[in-house]
Amino acid sequence: MSDETSTSGAGTPSYDPAAEVVELCRELIRIDTSNYGDDSGPGERKAAEYVATLLDEVGIESRLYESTPGRTSLVARWGGSEGDPLLVHGHLDVVPAAAEDWQVDPFSGEIQDGYVWGRGAVDMKDFDAMLLSVVRARARAGHVPDRPIVMAFTADEEAGGHKGAQVLVEEHPDEIADCTEAIGEVGGFSATVRGQRVYLIEAAEKGMAWMRLTARGRAGHGSMVNPENAVTDLAAAVARIGAYEWPVRLTPTMEVLLATVGEIAGVPATPENAPELVEEFGGAARMLGNVIRNSTNPTMLSAGYKVNVVPTEATAHVDGRFLPGYEDEFFATLAELTGENVEIDFVSHQQPWETPYDGRLVDVMTRSLLAEDPGAVVAPYLMSGGTDAKHFRQLDMRSYGFAPLRLPADLDFTALFHGVDERVPVDALEFGARVFDRFLGEA
Ligand SMILES: [Zn+2]
(Lines give C-alpha, C1' and ligand atoms only; values in the text may rest on other atoms or scores of the structure.)
Protein backbone atom coordinates (compact mmCIF):
# COMPACT_ATOMS: atom_id res chain seq x y z
CA MET A 1 0.00 0.00 0.00
CA SER A 2 1.29 3.41 -0.82
CA ASP A 3 1.22 6.52 1.29
CA GLU A 4 0.23 9.63 -0.55
CA THR A 5 -1.51 11.88 1.87
CA SER A 6 -0.62 11.20 5.46
CA THR A 7 2.86 12.67 5.60
CA SER A 8 2.96 15.36 2.96
CA GLY A 9 3.02 19.00 3.95
CA ALA A 10 2.02 19.80 7.51
CA GLY A 11 -0.54 16.99 7.70
CA THR A 12 -0.80 14.88 10.81
CA PRO A 13 -0.64 11.12 10.20
CA SER A 14 -3.49 8.88 11.31
CA TYR A 15 -1.02 6.85 13.38
CA ASP A 16 1.48 7.98 16.03
CA PRO A 17 5.04 7.39 14.78
CA ALA A 18 6.45 8.29 18.22
CA ALA A 19 4.17 5.96 20.19
CA GLU A 20 6.85 3.41 21.05
CA VAL A 21 10.08 5.32 20.64
CA VAL A 22 10.79 5.93 24.32
CA GLU A 23 10.01 2.39 25.46
CA LEU A 24 11.96 0.83 22.59
CA CYS A 25 14.98 3.03 23.36
CA ARG A 26 14.85 1.96 27.03
CA GLU A 27 14.50 -1.71 26.09
CA LEU A 28 17.47 -1.52 23.74
CA ILE A 29 19.61 0.19 26.40
CA ARG A 30 18.75 -2.63 28.84
CA ILE A 31 20.25 -5.15 26.42
CA ASP A 32 23.97 -4.71 27.16
CA THR A 33 25.87 -4.75 23.85
CA SER A 34 29.20 -3.37 25.12
CA ASN A 35 31.94 -3.63 22.52
CA TYR A 36 35.43 -3.96 24.04
CA GLY A 37 37.12 -4.09 20.66
CA ASP A 38 37.41 -7.89 20.73
CA ASP A 39 34.90 -10.72 21.25
CA SER A 40 34.98 -10.56 25.06
CA GLY A 41 31.75 -8.54 25.35
CA PRO A 42 28.17 -9.84 25.32
CA GLY A 43 27.86 -9.32 21.54
CA GLU A 44 24.87 -8.02 19.63
CA ARG A 45 22.90 -11.24 19.12
CA LYS A 46 20.31 -10.59 21.83
CA ALA A 47 19.65 -7.08 20.53
CA ALA A 48 19.43 -8.29 16.92
CA GLU A 49 16.94 -11.01 17.92
CA TYR A 50 14.90 -8.41 19.77
CA VAL A 51 14.79 -6.22 16.65
CA ALA A 52 13.86 -9.24 14.52
CA THR A 53 10.92 -9.97 16.85
CA LEU A 54 9.75 -6.34 16.72
CA LEU A 55 9.79 -6.41 12.91
CA ASP A 56 8.23 -9.85 12.72
CA GLU A 57 5.30 -8.65 14.86
CA VAL A 58 4.34 -6.23 12.08
CA GLY A 59 4.97 -8.71 9.29
CA ILE A 60 8.48 -7.64 8.27
CA GLU A 61 10.89 -10.48 7.64
CA SER A 62 14.56 -10.07 8.51
CA ARG A 63 17.80 -12.01 8.24
CA LEU A 64 20.61 -12.26 10.80
CA TYR A 65 24.28 -12.39 9.79
CA GLU A 66 27.11 -13.40 12.09
CA SER A 67 30.80 -13.15 11.28
CA THR A 68 31.77 -14.73 14.60
CA PRO A 69 29.35 -16.23 17.14
CA GLY A 70 27.31 -13.55 18.90
CA ARG A 71 28.44 -10.68 16.67
CA THR A 72 25.14 -10.31 14.88
CA SER A 73 23.82 -7.86 12.30
CA LEU A 74 20.29 -7.80 10.91
CA VAL A 75 18.99 -6.81 7.48
CA ALA A 76 15.34 -6.33 6.52
CA ARG A 77 13.71 -5.12 3.35
CA TRP A 78 10.41 -3.28 3.43
CA GLY A 79 8.37 -0.74 1.51
CA GLY A 80 7.06 -0.35 -2.01
CA SER A 81 8.81 -0.85 -5.31
CA GLU A 82 9.15 2.68 -6.69
CA GLY A 83 12.73 3.65 -7.39
CA ASP A 84 16.07 2.45 -6.03
CA PRO A 85 16.16 1.30 -2.42
CA LEU A 86 17.21 3.56 0.44
CA LEU A 87 19.49 2.08 3.10
CA VAL A 88 18.77 3.13 6.69
CA HIS A 89 21.44 1.82 9.07
CA GLY A 90 21.99 1.91 12.80
CA HIS A 91 24.52 0.05 14.93
CA LEU A 92 23.47 -2.12 17.87
CA ASP A 93 26.74 -2.11 19.83
CA VAL A 94 27.79 0.51 22.37
CA VAL A 95 31.10 1.45 23.96
CA PRO A 96 31.58 0.05 27.49
CA ALA A 97 30.51 2.08 30.53
CA ALA A 98 32.16 2.19 33.96
CA ALA A 99 29.05 2.06 36.18
CA GLU A 100 30.81 3.57 39.23
CA ASP A 101 31.26 6.89 37.38
CA TRP A 102 27.58 7.21 36.48
CA GLN A 103 24.67 8.78 38.38
CA VAL A 104 22.42 5.87 37.26
CA ASP A 105 22.99 2.27 36.19
CA PRO A 106 24.16 2.71 32.56
CA PHE A 107 22.11 -0.30 31.42
CA SER A 108 18.86 0.53 33.23
CA GLY A 109 17.24 2.83 30.67
CA GLU A 110 15.94 4.89 33.57
CA ILE A 111 13.88 8.05 32.98
CA GLN A 112 14.91 11.02 35.14
CA ASP A 113 14.41 14.78 34.68
CA GLY A 114 12.83 14.28 31.26
CA TYR A 115 15.75 12.23 29.91
CA VAL A 116 16.26 8.56 29.08
CA TRP A 117 19.60 7.68 30.67
CA GLY A 118 21.97 4.93 29.64
CA ARG A 119 24.77 3.76 27.41
CA GLY A 120 23.60 4.10 23.81
CA ALA A 121 21.03 6.83 24.56
CA VAL A 122 22.59 9.03 21.85
CA ASP A 123 25.00 6.56 20.22
CA MET A 124 22.81 5.16 18.85
CA LYS A 125 19.97 3.19 20.34
CA ASP A 126 17.98 6.43 20.12
CA PHE A 127 17.90 6.26 16.34
CA ASP A 128 17.42 2.47 16.29
CA ALA A 129 14.32 3.08 18.42
CA MET A 130 13.08 5.93 16.21
CA LEU A 131 13.38 3.80 13.10
CA LEU A 132 11.60 0.85 14.73
CA SER A 133 8.85 3.02 16.20
CA VAL A 134 8.16 4.69 12.85
CA VAL A 135 8.29 1.48 10.81
CA ARG A 136 6.05 -0.44 13.24
CA ALA A 137 3.48 2.36 13.40
CA ARG A 138 3.42 2.68 9.62
CA ALA A 139 3.29 -1.07 9.02
CA ARG A 140 0.37 -1.44 11.43
CA ALA A 141 -1.53 1.43 9.81
CA GLY A 142 -0.76 0.18 6.29
CA HIS A 143 1.25 3.32 5.44
CA VAL A 144 4.11 1.66 3.64
CA PRO A 145 6.50 4.08 1.86
CA ASP A 146 6.55 3.87 -1.93
CA ARG A 147 10.33 3.57 -2.01
CA PRO A 148 11.91 0.27 -0.95
CA ILE A 149 13.64 0.67 2.43
CA VAL A 150 16.50 -1.59 3.46
CA MET A 151 17.12 -1.55 7.20
CA ALA A 152 20.49 -2.65 8.56
CA PHE A 153 21.11 -2.98 12.29
CA THR A 154 24.81 -3.66 12.61
CA ALA A 155 27.33 -5.15 15.01
CA ASP A 156 30.78 -3.80 15.86
CA GLU A 157 30.55 -0.17 14.67
CA GLU A 158 32.40 1.00 17.78
CA ALA A 159 35.45 -1.08 16.86
CA GLY A 160 35.52 -0.12 13.17
CA GLY A 161 32.61 -2.21 11.87
CA HIS A 162 34.86 -5.08 10.74
CA LYS A 163 32.44 -7.63 12.23
CA GLY A 164 29.33 -5.72 11.18
CA ALA A 165 28.95 -3.32 8.26
CA GLN A 166 32.12 -4.58 6.60
CA VAL A 167 30.80 -8.16 6.66
CA LEU A 168 27.55 -7.03 5.01
CA VAL A 169 29.42 -5.08 2.34
CA GLU A 170 31.98 -7.79 1.55
CA GLU A 171 30.08 -11.04 2.14
CA HIS A 172 26.42 -10.15 1.62
CA PRO A 173 26.41 -7.33 -0.94
CA ASP A 174 23.27 -8.80 -2.55
CA GLU A 175 21.35 -7.55 0.51
CA ILE A 176 22.33 -3.91 0.12
CA ALA A 177 24.20 -3.23 -3.12
CA ASP A 178 21.13 -1.95 -4.98
CA CYS A 179 20.69 0.90 -2.47
CA THR A 180 21.67 4.21 -4.03
CA GLU A 181 21.43 6.34 -0.91
CA ALA A 182 22.14 5.70 2.77
CA ILE A 183 21.04 7.32 6.01
CA GLY A 184 22.94 6.74 9.24
CA GLU A 185 23.99 8.34 12.49
CA VAL A 186 25.54 11.54 13.90
CA GLY A 187 23.46 14.08 12.01
CA GLY A 188 20.11 15.81 12.16
CA PHE A 189 20.64 17.01 15.75
CA SER A 190 20.30 20.65 16.67
CA ALA A 191 22.96 23.06 17.91
CA THR A 192 22.13 26.59 18.99
CA VAL A 193 24.01 29.58 17.57
CA ARG A 194 23.10 32.98 19.06
CA GLY A 195 19.64 31.68 19.99
CA GLN A 196 19.03 30.18 16.53
CA ARG A 197 18.55 26.41 16.27
CA VAL A 198 20.69 24.93 13.49
CA TYR A 199 20.18 21.29 12.50
CA LEU A 200 23.40 19.67 11.34
CA ILE A 201 23.14 16.99 8.67
CA GLU A 202 26.28 14.90 8.34
CA ALA A 203 27.45 15.09 4.71
CA ALA A 204 31.13 14.14 5.07
CA GLU A 205 33.62 12.33 7.29
CA LYS A 206 37.33 12.79 7.71
CA GLY A 207 39.69 10.03 6.67
CA MET A 208 41.79 8.19 9.20
CA ALA A 209 45.50 7.42 9.21
CA TRP A 210 46.58 5.57 12.33
CA MET A 211 50.32 5.34 11.85
CA ARG A 212 53.35 3.70 13.42
CA LEU A 213 56.55 5.69 13.07
CA THR A 214 59.83 3.79 13.31
CA ALA A 215 63.32 5.31 13.54
CA ARG A 216 66.33 3.01 13.15
CA GLY A 217 69.83 3.97 14.21
CA ARG A 218 73.06 2.51 15.55
CA ALA A 219 73.02 0.75 18.89
CA GLY A 220 75.81 1.57 21.30
CA HIS A 221 77.01 2.47 24.75
CA GLY A 222 75.22 5.43 26.29
CA SER A 223 78.53 7.05 27.25
CA MET A 224 79.84 7.39 23.68
CA VAL A 225 79.27 9.75 20.77
CA ASN A 226 76.31 8.54 18.66
CA PRO A 227 75.03 10.74 15.81
CA GLU A 228 72.68 7.93 14.69
CA ASN A 229 70.53 7.77 17.81
CA ALA A 230 67.07 6.38 16.94
CA VAL A 231 65.45 7.91 20.04
CA THR A 232 66.72 11.40 19.11
CA ASP A 233 65.49 11.09 15.52
CA LEU A 234 62.09 9.75 16.51
CA ALA A 235 61.57 12.30 19.29
CA ALA A 236 62.38 15.16 16.92
CA ALA A 237 59.94 13.85 14.31
CA VAL A 238 57.18 13.36 16.89
CA ALA A 239 57.71 16.87 18.27
CA ARG A 240 57.49 18.40 14.77
CA ILE A 241 54.32 16.43 13.94
CA GLY A 242 52.63 17.23 17.25
CA ALA A 243 53.43 20.94 17.15
CA TYR A 244 52.56 21.49 13.49
CA GLU A 245 49.68 23.89 12.93
CA TRP A 246 47.72 22.53 10.02
CA PRO A 247 46.31 25.29 7.81
CA VAL A 248 42.55 25.88 7.55
CA ARG A 249 41.06 24.07 4.55
CA LEU A 250 37.34 24.34 3.87
CA THR A 251 35.63 21.51 1.98
CA PRO A 252 32.34 22.28 0.18
CA THR A 253 30.37 20.96 3.19
CA MET A 254 32.08 23.27 5.66
CA GLU A 255 31.80 26.24 3.29
CA VAL A 256 28.02 25.86 3.40
CA LEU A 257 27.97 25.43 7.17
CA LEU A 258 30.21 28.41 7.88
CA ALA A 259 28.29 30.61 5.45
CA THR A 260 25.14 29.70 7.38
CA VAL A 261 26.76 30.56 10.72
CA GLY A 262 28.22 33.75 9.22
CA GLU A 263 24.73 34.79 8.20
CA ILE A 264 23.44 34.27 11.75
CA ALA A 265 26.45 36.12 13.22
CA GLY A 266 26.25 38.90 10.61
CA VAL A 267 29.74 38.41 9.17
CA PRO A 268 30.79 36.89 5.85
CA ALA A 269 32.62 33.57 6.31
CA THR A 270 36.25 33.33 5.18
CA PRO A 271 39.03 30.80 5.87
CA GLU A 272 40.52 33.44 8.17
CA ASN A 273 37.52 33.72 10.48
CA ALA A 274 36.56 30.03 10.22
CA PRO A 275 38.02 29.17 13.68
CA GLU A 276 35.99 32.00 15.31
CA LEU A 277 32.79 31.00 13.51
CA VAL A 278 33.25 27.43 14.72
CA GLU A 279 33.44 28.74 18.31
CA GLU A 280 29.85 30.00 17.86
CA PHE A 281 28.77 26.35 18.31
CA GLY A 282 29.77 26.19 21.98
CA GLY A 283 30.34 22.55 23.01
CA ALA A 284 30.13 21.27 19.42
CA ALA A 285 33.19 23.41 18.59
CA ARG A 286 35.38 20.67 20.10
CA MET A 287 34.51 18.49 17.14
CA LEU A 288 33.94 21.18 14.48
CA GLY A 289 37.27 22.87 15.30
CA ASN A 290 39.01 19.79 13.95
CA VAL A 291 37.12 19.53 10.67
CA ILE A 292 38.42 22.75 9.15
CA ARG A 293 41.93 21.30 8.97
CA ASN A 294 43.87 18.04 8.86
CA SER A 295 45.20 16.92 12.21
CA THR A 296 47.95 14.79 13.75
CA ASN A 297 48.10 13.79 17.39
CA PRO A 298 51.05 11.67 18.64
CA THR A 299 49.55 9.12 21.07
CA MET A 300 52.13 6.41 21.96
CA LEU A 301 55.94 6.25 22.37
CA SER A 302 58.24 3.30 22.87
CA ALA A 303 62.03 2.77 22.84
CA GLY A 304 64.93 1.27 24.76
CA TYR A 305 65.36 -1.03 27.73
CA LYS A 306 68.29 0.35 29.76
CA VAL A 307 69.52 3.85 30.54
CA ASN A 308 73.08 3.30 29.25
CA VAL A 309 72.14 1.47 26.04
CA VAL A 310 71.26 3.39 22.84
CA PRO A 311 68.62 1.14 21.18
CA THR A 312 68.61 0.37 17.45
CA GLU A 313 64.94 1.25 17.13
CA ALA A 314 62.34 3.67 18.49
CA THR A 315 58.62 3.73 17.63
CA ALA A 316 55.72 6.11 18.04
CA HIS A 317 52.04 6.07 17.10
CA VAL A 318 50.24 9.02 15.59
CA ASP A 319 46.49 9.47 15.09
CA GLY A 320 46.16 11.35 11.81
CA ARG A 321 42.88 12.60 10.31
CA PHE A 322 42.56 14.16 6.90
CA LEU A 323 39.84 16.05 5.07
CA PRO A 324 38.13 14.84 1.90
CA GLY A 325 40.19 16.20 -1.00
CA TYR A 326 43.27 16.92 1.13
CA GLU A 327 44.83 13.48 1.49
CA ASP A 328 47.77 14.27 -0.84
CA GLU A 329 48.60 17.45 1.02
CA PHE A 330 48.35 15.57 4.31
CA PHE A 331 50.85 12.88 3.35
CA ALA A 332 53.24 15.27 1.60
CA THR A 333 53.38 17.48 4.70
CA LEU A 334 53.72 14.48 6.96
CA ALA A 335 56.70 13.18 4.95
CA GLU A 336 58.44 16.54 5.39
CA LEU A 337 57.73 16.62 9.11
CA THR A 338 58.94 13.07 9.76
CA GLY A 339 62.21 13.48 7.87
CA GLU A 340 64.34 10.86 6.14
CA ASN A 341 65.28 8.63 8.98
CA VAL A 342 61.78 7.72 10.10
CA GLU A 343 59.53 5.19 8.38
CA ILE A 344 55.74 5.33 8.41
CA ASP A 345 53.41 2.38 8.20
CA PHE A 346 49.69 2.11 8.82
CA VAL A 347 47.81 0.50 11.67
CA SER A 348 44.59 1.61 9.99
CA HIS A 349 43.97 3.71 6.89
CA GLN A 350 40.42 4.70 5.96
CA GLN A 351 39.26 7.01 3.22
CA PRO A 352 37.29 10.17 3.89
CA TRP A 353 34.03 10.80 2.10
CA GLU A 354 31.87 13.77 1.16
CA THR A 355 28.41 13.69 -0.42
CA PRO A 356 27.37 16.85 -2.26
CA TYR A 357 24.78 18.69 -0.21
CA ASP A 358 22.11 18.82 -2.87
CA GLY A 359 19.40 16.71 -4.46
CA ARG A 360 16.02 15.39 -3.49
CA LEU A 361 17.05 13.60 -0.30
CA VAL A 362 18.53 16.82 1.12
CA ASP A 363 15.28 18.61 0.27
CA VAL A 364 13.24 15.94 2.03
CA MET A 365 15.46 15.98 5.16
CA THR A 366 15.21 19.77 5.32
CA ARG A 367 11.45 19.80 4.76
CA SER A 368 10.87 17.13 7.41
CA LEU A 369 12.85 19.08 10.02
CA LEU A 370 11.24 22.43 9.21
CA ALA A 371 7.73 20.92 9.32
CA GLU A 372 8.36 20.01 12.99
CA ASP A 373 10.52 23.04 13.87
CA PRO A 374 9.46 25.87 11.52
CA GLY A 375 11.88 28.56 12.73
CA ALA A 376 15.00 26.43 12.41
CA VAL A 377 17.91 26.46 9.96
CA VAL A 378 19.35 23.30 8.36
CA ALA A 379 22.98 22.95 7.23
CA PRO A 380 25.50 20.20 6.44
CA TYR A 381 28.61 19.42 8.46
CA LEU A 382 31.74 17.32 8.27
CA MET A 383 32.35 14.80 11.06
CA SER A 384 35.77 14.33 12.63
CA GLY A 385 35.37 10.61 13.32
CA GLY A 386 34.10 7.65 11.35
CA THR A 387 30.89 5.63 11.22
CA ASP A 388 29.56 2.59 9.34
CA ALA A 389 28.95 5.01 6.45
CA LYS A 390 32.61 4.49 5.50
CA HIS A 391 31.85 0.83 4.72
CA PHE A 392 28.52 1.37 2.96
CA ARG A 393 30.16 4.08 0.82
CA GLN A 394 32.23 1.30 -0.77
CA LEU A 395 29.04 0.35 -2.61
CA ASP A 396 28.69 3.85 -4.09
CA MET A 397 25.85 5.15 -1.97
CA ARG A 398 25.23 8.81 -1.39
CA SER A 399 25.47 8.97 2.40
CA TYR A 400 24.12 11.32 5.03
CA GLY A 401 23.88 11.27 8.80
CA PHE A 402 20.29 12.03 9.79
CA ALA A 403 19.07 10.94 13.24
CA PRO A 404 16.97 13.99 14.11
CA LEU A 405 16.93 15.37 17.66
CA ARG A 406 15.74 18.78 18.85
CA LEU A 407 18.03 19.52 21.77
CA PRO A 408 18.04 22.13 24.54
CA ALA A 409 20.44 25.01 23.83
CA ASP A 410 22.48 24.38 26.97
CA LEU A 411 23.00 20.62 26.46
CA ASP A 412 26.64 19.72 25.64
CA PHE A 413 25.50 17.07 23.17
CA THR A 414 28.82 16.01 21.63
CA ALA A 415 30.23 15.35 25.14
CA LEU A 416 27.54 12.67 25.63
CA PHE A 417 28.99 10.45 22.87
CA HIS A 418 30.97 7.75 24.71
CA GLY A 419 30.64 9.99 27.79
CA VAL A 420 29.57 9.46 31.39
CA ASP A 421 25.81 9.93 32.07
CA GLU A 422 24.89 9.53 28.40
CA ARG A 423 21.23 10.52 28.06
CA VAL A 424 18.69 11.80 25.57
CA PRO A 425 15.68 14.06 26.17
CA VAL A 426 12.38 12.17 25.99
CA ASP A 427 10.83 14.94 23.89
CA ALA A 428 13.81 14.88 21.51
CA LEU A 429 13.20 11.17 20.87
CA GLU A 430 9.54 11.84 20.10
CA PHE A 431 10.46 14.80 17.90
CA GLY A 432 12.98 12.61 16.05
CA ALA A 433 10.38 9.92 15.38
CA ARG A 434 7.94 12.48 13.96
CA VAL A 435 10.61 14.01 11.71
CA PHE A 436 11.84 10.61 10.56
CA ASP A 437 8.26 9.55 9.79
CA ARG A 438 7.84 12.57 7.50
CA PHE A 439 11.22 11.81 5.93
CA LEU A 440 10.39 8.16 5.27
CA GLY A 441 7.05 9.09 3.73
CA GLU A 442 8.71 11.28 1.13
CA ALA A 443 12.17 9.76 0.72
ZN1 LIG B 1 27.67 5.57 16.83
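In listed order, ligands and their atoms are each counted from 1. Computed from a prediction, not measured in an experiment: that's the story for all the values here. Residue numbers start at 1 and run along the sequence shown.
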Quiz item: Is the NZ or CZ atom of R30 positioned over F107's six-membered ring, under 6.0 angstrom from the centre and within 45° of the axis?
Solution: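 No cation-pi geometry.
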Quiz item: Which single N/O/S atom of D123 lies at minimum distance from the Zn ion (ligand 1)?
Solution: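 Result: OD1.
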Quiz prompt | R147 and E181 ion-paired at < 4.0 Å | solution =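 Here R147 pairs with E181 in a salt bridge, since their nearest N and O are under 4.0 Å apart.
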Quiz item: Is any side-chain N of the basic residue among D178 and R77 closer than 4.0 Å to the acidic one's carboxylate O?
Solution: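 Looking at D178 and R77, the cut-off is met.
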Quiz item: Would you say E343 has more than 12 foreign heavy atoms packed within less than 6.0 Å of its CD?
Solution: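 Open.
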Exercise. Take the Zn ion (ligand 1) as the vertex and measure to NE2 of H91 and OE2 of E185; round to 10°.
Key: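 My answer is 80°, to the nearest 10°.
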Practice problem: Flag E158 as yes if one of its N/O/S atoms falls below 2.8 Å of the Zn ion (ligand 1), otherwise no. | Solution: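 Checking E158: none of its N, O or S atoms is under 2.8 Å.
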